[in-house]
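Order of listing sets the numbers, starting from 1, for every ligand and every atom in it. Note that these values count all heavy atoms, side chains included, but never hydrogens, waters or copies made by symmetry.
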Amino acid sequence: MNIVLLGAPGAGKGTQAEKMVKEYNVPHVSTGDIFRKAVSDKTEMGIKAKAYMDRGELVPDEIVIGIVKERLMTDEFKDGFILDGFPRTVAQADALAFSLGEMGKKLDMVLSIDVDKEELIQRLTGRRVCNCGKTYHMVFNPPRKDEICDECGEPLKQRDDDKIETVNKRLDVYFNQTLPLINYYKNNGLLRVIDGRKSASDVFEEIRGVIGVYK
Ligand code: ADP
Ligand code: ADP
Ligand code: ZN
């Protein structure tokens with residue numbers, strides 16, 4: 001099962017990817033997570049990426065494409081993958097199709113999680129994350145204890161780019177640079193639109209239905 005999760009920042013890609021990994025036992029690649037790790041490890045690539053991320057802009061295609069290609073070629077993904085946050089530009093989508101072709105693979109479907117702008121802003125500004133990888137929302141999915149991770153007890157943090165100034169910029173970038181991918185994948189027949197405004201478990205039920213029909 002080779003799947004792309006498409007959707008604006010805050011649409012719930014990471015949340016749904018986590019559920020899909022459990023249900024289908026397919027590994028997940030999040031380019032945002034890869035970059036955040038590189039930034040915290042202060043690698044050369046992380047230092048370059050940080051400047052773009054802080055401004056809410058996309059990291060240049062040539063950096064992202066190389067990283068994803070390298071990952072997807074590893075054995076871990078030989079039986080499938082869920083891509084979250086990639087592709088985000090038409091150039092990235094073309095490069096993905098080309099690289100998969102070289103590996104004798106192809107995408108099975110692209111799930112576009114659809115959420116309106118007001119809801120996206122609420123979701124992003126209320127998001128809190130833990131270093132262990134868990135994601136919460138102060139209203140929609142709060143931790144049991146105020147600002148403390150349920151799983152590991154560490155204090156939760158707000159991502160710098162989830163502050164309102166950067167959120168607006170990221171949404172603009174999404175509408176200008178990533179939205180064209182909806183038509184791109186509609187035209188090649190891979191697109192499946194998912195109503196992302198429902199609760200996380202109801203969204204997942206819809207995804208299960210769509211994948212179930214395919215299987
Ligand atoms: P969200 O999940 O909120 O949409 P991500 O974690 O996917 O955000 O991405 C955070 C940041 O990492 C982006 O704003 C961008 O700077 C960078 N990034 C992630 N994926 C890509 C990509 N495919 N192309 C370019 N930049 C990316
Ligand atoms: P993305 O990876 O697309 O940026 P996330 O999965 O991190 O999005 O979700 C963004 C925020 O919204 C998180 O705080 C998450 O807990 C919350 N969230 C995710 N899905 C839903 C949902 N269906 N309803 C309400 N809040 C949600
Ligand atoms: Zn934690």
**Message:** Can you name the atoms of ligand 1, numbered from 1 with element, that are less than 4.0 Å from a heavy atom of E57?
**Reply:** 15 (C), 16 (O)
**Request:** Can you label the angle between the H137 ring and the F140 ring as parallel, tilted or perpendicular, going by 30° and 60°?
**Result:** parallel
**Polar proximity ligand 2 side, P9 side, N/O cut 3.5 Å exclusive** = no
**Asked** Is there a nitrogen or oxygen of R128 sitting under 3.5 Å from a nitrogen or oxygen of ligand 2?
**Response** no
**Item:** D84 to A17 - nearest heavy-atom pair and separation
**Value:** OD2-CB, 4.3 Å
**Prompt:** How close does the nearest protein non-hydrogen atom get to atom 24 (N) of ligand 2, and which residue and atom is it?
**Reply:** R123 NH2, 3.3 Å
**Asked** Considering only heavy atoms, does S30 approach ligand 2 within less than 4.0 Å through its side chain, its backbone, both, or neither?
**Response** neither
**Request:** Examine A11 against ligand 2 and note whether any of their N/O atoms are separated by less than 3.5 Å.
**Result:** yes
**Prompt:** At the Zn ion (ligand 3), what angle lies between atom SG of C132 and atom SG of C152, rounded to 10 degrees?
**Reply:** 120°
**Asked** Is V203 in polar range of ligand 2, meaning some N or O pair under 3.5 Å apart?
**Response** no
**Prompt:** Please walk me through it: do K134 and D150 pass salt bridge (Lys or Arg N to Asp or Glu O under 4.0 Å)?
**Reply:** CA-CA 9 Å; K134 286 291 288 178; D150 293 348; over 6 Å; no
**Message:** Counting neighbours of CZ on R197 that are heavy atoms of other residues, nucleotides or ligands and sit closer than 6.0 Å, is the number greater than 12?
**Reply:** no
**Request:** Return the option from K198, K134, R127 holding the heavy atom at the smallest distance from atom 5 (P) of ligand 2.
**Result:** R127
**Request:** Look at atom 7 (O) of ligand 1 and find which of R88, Q177, K13 reaches it with the closest heavy atom.
**Result:** R88
**Request:** Can you see which heavy atom on E151 is nearest to which on Y136, and at what distance?
**Result:** N-OH, 3.9 Å
**Prompt:** Which heavy atom in A11 sits nearest to a heavy atom in V115, and how many Å separate them?
**Reply:** O-CG2, 3.8 Å
**Message:** If I compare all heavy atoms of T31 with all of V68, which pair ends up nearest, and what's the gap?
**Reply:** CG2-CG2, 3.5 Å
**Prompt:** Which of the listed options, I113, L120, T15, D162, holds the heavy atom that is closest to atom 15 (C) of ligand 2?
**Reply:** T15
**Message:** Atom CG of residue position N25 - does it have more than 12 heavy atoms of other residues, nucleotides or ligands inside 6.0 Å?
**Reply:** no
**Request:** Report yes if some N/O of T31 lies less than 3.5 Å from some N/O of ligand 1; otherwise report no.
**Result:** yes
**Between D61 and Q92: side-chain donor-acceptor atoms closer than 3.5 Å** = yes
**Request:** Take every heavy atom of G32, measure it against each atom of ligand 2, and state whether any distance is under 4.0 Å.
**Result:** no
**Complete:** When every non-hydrogen atom of I82 is compared with those of M20, the smallest separation belongs to CD1-CB, 3.5 Å
**Asked** Quick one: does Y136 get an N or O within less than 3.5 Å of an N or O on ligand 2?
**Response** yes
**Item:** atom 26 (N) of ligand 1: the protein heavy-atom neighbour that sits closest, reported with distance to 0.1 Å
**Value:** V59 N, 3.0 Å
**Request:** Please check if atom NZ in K37 has more than 12 non-hydrogen atoms from other residues, nucleotides or ligands closer than 6.0 Å.
**Result:** no
**Prompt:** At a 4.0 Å cut-off, with the gap strictly under it, does some heavy atom of G10 reach an atom of ligand 2?
**Reply:** yes
**Complete:** Near G85 (heavy-atom distance under 4.0 Å), the atoms of ligand 1 are 20 (N), 21 (C), 22 (C), 23 (N)
**Prompt:** Which atoms from ligand 1 have a heavy atom of Q92 less than 4.0 Å away?
**Reply:** 22 (C), 23 (N), 24 (N), 25 (C)
**Asked** Applying the 4.5 Å side-chain criterion to the ILVMFWY set and letting contacts propagate, would L96 and V59 be lumped into a single cluster?
**Response** yes
**Item:** Shortest protein contact, atom 8 (O) of ligand 2 (heavy atom only)
**Value:** G12 N, 3.2 Å
**Prompt:** Just distances here: any N/O of T135 and N/O of ligand 2 closer than 3.5 Å?
**Reply:** no
**Fill in**
The angle formed at the Zn ion (ligand 3) by SG of C130 and SG of C149 is about (to 10 degrees) 110°
**Message:** Does any part of the side chain of K163, heavy atoms only, come nearer than 4.5 Å to the side chain of D160, both counted from C-beta?
**Reply:** yes
**Item:** Per-atom contacts, ligand 1 versus F35 - under 4.0 Å to a heavy atom
**Value:** 17 (C), 18 (N), 19 (C), 27 (C)
**Asked** Within a radius of less than 6.0 Å around CE of M73, do more than 12 heavy atoms belonging to other residues, nucleotides or ligands occur?
**Response** no
**Asked** Can you list the atoms of ligand 1 that are under 4.0 Å from a heavy atom of V64?
**Response** 22 (C), 23 (N), 24 (N), 25 (C)
**Fill in**
Here the pair of heavy atoms bringing D108 nearest to M1 is OD2-CA, 3.3 Å
**Asked** Can a cation-pi geometry be assigned to R55 and Y52, taking NZ or CZ under 6.0 Å from the six-membered ring centre and within 45° of the ring axis?
**Response** yes
**Asked** Just distances here: any N/O of F140 and N/O of ligand 2 closer than 3.5 Å?
**Response** no
**Message:** For atom 14 (O) of ligand 1, tell me which residue out of R159, R170, K169, R55 has the closest non-hydrogen atom.
**Reply:** R170
**Asked** Does an N or O from G14, backbone or side chain, lie closer than 3.5 Å to an N or O of ligand 2?
**Response** yes
**Complete:** Under 4.0 Å between heavy atoms, the region of A17 that gets near ligand 2 turns out to be neither
**Prompt:** What residue and heavy atom of the protein are closest to atom 6 (O) of ligand 1, and at what distance?
**Reply:** R36 NH1, 2.8 Å
